[in-house]
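Below: the structure, in structure tokens.
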Protein chains: 2
Amino acid sequence: MMEEAASRRIANMRVAASAERAPLSLHQRILADIEARILSGEWPPGYRVPFEHELTAQYGCSRMTVSKVLTQLAKAGLVARRRKAGTFVTRPHSQAALLEIHDIKAEAAALGGPYRFEIAGRRKCKITRADRERLEVPASTSALELTCRHFAGAQPFCLEERLINLTAVPEAENEPFSELSPGAWLVQRVPWTAAEHKIRATGADQRTAAALAIVEGSPCLVIERRTWRAIEPVTFVKLTYPAAAHELVARFAPSQMQEARRG
Amino acid sequence: MMEEAASRRIANMRVAASAERAPLSLHQRILADIEARILSGEWPPGYRVPFEHELTAQYGCSRMTVSKVLTQLAKAGLVARRRKAGTFVTRPHSQAALLEIHDIKAEAAALGGPYRFEIAGRRKCKITRADRERLEVPASTSALELTCRHFAGAQPFCLEERLINLTAVPEAENEPFSELSPGAWLVQRVPWTAAEHKIRATGADQRTAAALAIVEGSPCLVIERRTWRAIEPVTFVKLTYPAAAHELVARFAPSQMQEARRG
DNA sequence: TAGTGGTCTAGACCACACT
DNA sequence: GTGTGGTCTAGACCACTAG
């Protein structure tokens, strides 16, 4: 029957590299397949995903099954669905996170001053042993090390120290970061699939105090973020804010009750 | 037909108080109904939710529809499903959050000392105008104001200042908080459905420095959390940690890709 | 107007876990 | 064994909207 054809077809698909032994259900395999196409860039932002009836034919399954998959992808923010028009791969999203990736420019506006940033340091380097706890890549991988100061008016309000994995984002090497700050540039270019934040308070050390024009030892909020695309590390960034300059807000339900309510 | 009976039945259900005009779909109305039963305590933790075929009969709909609802509730963590046994309301969960509600006791263990806490202040009060930005309830609502210090060994590592809405949690008034700290007691007792965190760095003021046995002005991490059950505010808490004592970690995908992958 | 996604049905088969 | 949830099918009707 059709199911056998579908089984063979999907068995041949490049499914997630994770060598799990758990047999995935049909919609999980289809989900993994479409997700891989999107994350790999084979279906870039704006690409029109095949219609439900086309996927039904391609995977040899019923419409309910592909509908379930596309609905989940839409909830996850990877695609947007519009009646009569179709389903489209979305642009990389910074807004979908519960603890959002912050828009530093908007923050500066909130602080009152006109925003600007400056690249204070830049060098290409090989990942050393010490770096590896920040960016989990093999030693001697090429990386770009950036230091950037963000200003609201004349006052620096954020010090950004960043490491970009040049294996994952080779085009960063020749990017001048003149128009967009490194964070904004990456967000527009690289779809990330996982992030880890560490947040703590600290007293400014001498170098940080100098960069932020504050007194040494004064309280700062430090956000360290590691970002992955699929299983590949993309970037590590340490953002240091003087205590007065920044506040994080996160609002959420215990799990996905909001999203469940939408669906 | 059956659909008409179902429509009438569900139209008469106490659906969420939100007077939205958007017509909810069938599974959304059923979801809201079951969620309300759980959150109200009508179906307490451990309660066995009716089997799918029973809900099918009660709501006059197909099994696919109730299955979708129960699957969503399971993803949200409100129920757990076991083959052959049935579907059961879960205990209030602290672990499901992406930015989890912290287990202060476990933190103390990590810092090396034996954990203890002490209630340093307690009074029943009426909500004043100033309180209302912390706990969004009508003025003159009764609340319990608690101050609590958490110790790792001899060293205080967290100052907790809390306001509990006694309308939402009347049994808090006579709770001595001798065994469980206020946070642990609330987590075990009250299923929360939404929380808002504000996180910032600050210098310790005189009172805080005294309570934490640190130098005035030294950096601290401050977490303010407001918690709701459905639309009712439950508690406000301000947690102040000396910079060295605490670090927040949050790891997540841009939206619900992990959960989508599970489903 | 025509075609898309959104929803729902009434079946079915299966794996699993409780008895 | 037996009944539960987990999954899938092959239809159907509807609302919305792009062309």
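These numbers come from the heavy atoms of this one structure, side chains and all, not from hydrogens, waters or symmetry mates. In what follows, chains are A, B, ... by sequence order, proteins preceding strands, each numbered from 1.
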Candidates [options] - which lies nearest the side chain of [X]:
{"X": "B:Arg81", "options": "D:dG5, C:dC8, D:dT7", "result": "D:dG5"}
{"X": "B:His27", "options": "C:dC8, D:dC8, C:dA12", "result": "C:dC8"}
{"X": "B:Thr65", "options": "C:dC8, C:dA10, D:dC16", "result": "C:dC8"}
{"X": "A:Ser62", "options": "C:dA10, D:dT7, D:dA10", "result": "D:dA10"}
{"X": "A:Lys84", "options": "C:dA17, C:dG3, C:dT7", "result": "C:dG3"}
{"X": "A:Arg83", "options": "C:dT9, D:dC16, C:dA12", "result": "D:dC16"}

Any donor-acceptor N or O pair under 3.5 Å, side chains B:Arg48, B:Thr87: no

When the distance from [atom1] of [X] to [atom2] of [N] is rounded to whole Å, what number comes out?
{"X": "A:Leu55", "N": "C:dG5", "atom1": "CG", "atom2": "C1'", "value": "13 Å"}
{"X": "A:Phe51", "N": "C:dG5", "atom1": "CZ", "atom2": "C1'", "value": "11 Å"}
{"X": "A:Tyr59", "N": "D:dT9", "atom1": "OH", "atom2": "C1'", "value": "18 Å"}
{"X": "A:Leu26", "N": "D:dG6", "atom1": "CG", "atom2": "C1'", "value": "13 Å"}
{"X": "B:Leu24", "N": "C:dG6", "atom1": "CG", "atom2": "C1'", "value": "14 Å"}
{"X": "A:Glu52", "N": "C:dG6", "atom1": "CD", "atom2": "P", "value": "7 Å"}
{"X": "A:Arg63", "N": "C:dG6", "atom1": "CZ", "atom2": "P", "value": "8 Å"}
{"X": "B:Lys75", "N": "D:dG6", "atom1": "NZ", "atom2": "P", "value": "12 Å"}

Only counting residues at least two apart or in another chain, list the ones meeting ring pair (Phe, Tyr, Trp, His ring centres under 6.0 Å) with [X].
{"X": "A:Tyr47", "result": "A:Trp43"}
{"X": "B:Phe117", "result": "none"}
{"X": "A:Phe51", "result": "A:His53"}

DNA chain C base-pair string [pairs: Watson-Crick or G-U under 3.5 Å; |: paired with another strand]: ||||||||||||||||||.

Under 4.0 angstrom between B:His53 side-chain N/O and D:dT4 OP1 or OP2: yes

Any A:Thr87 side-chain N or O less than 4.0 Å from OP1/OP2 of C:dG5: yes

Any pair counted as salt bridge (Lys or Arg N to Asp or Glu O under 4.0 Å), so long as it reaches residues 79-90 of chain A, sequence neighbours left out: A:Glu52-A:Arg81

For A:Glu232, all residues meeting side chain to side chain contact (heavy atoms under 4.5 Å, CB included), sequence neighbours excluded: A:Asn165, A:Thr167, A:Ala168, A:Arg229

Considering all heavy atoms, the nearest A:Ile164-A:Leu135 contact: C-CD2, 4.3 Å

B:Leu31 versus B:Val69, closest heavy-atom pair with distance: CA-CG1, 3.7 Å

Side-chain-base donor-acceptor pair under 3.5 Å for B:Arg82 and C:dA17: no

DNA chain C: 5'-proximal contact among A:Ser67 and A:Gly86 (nearest heavy atom): A:Gly86

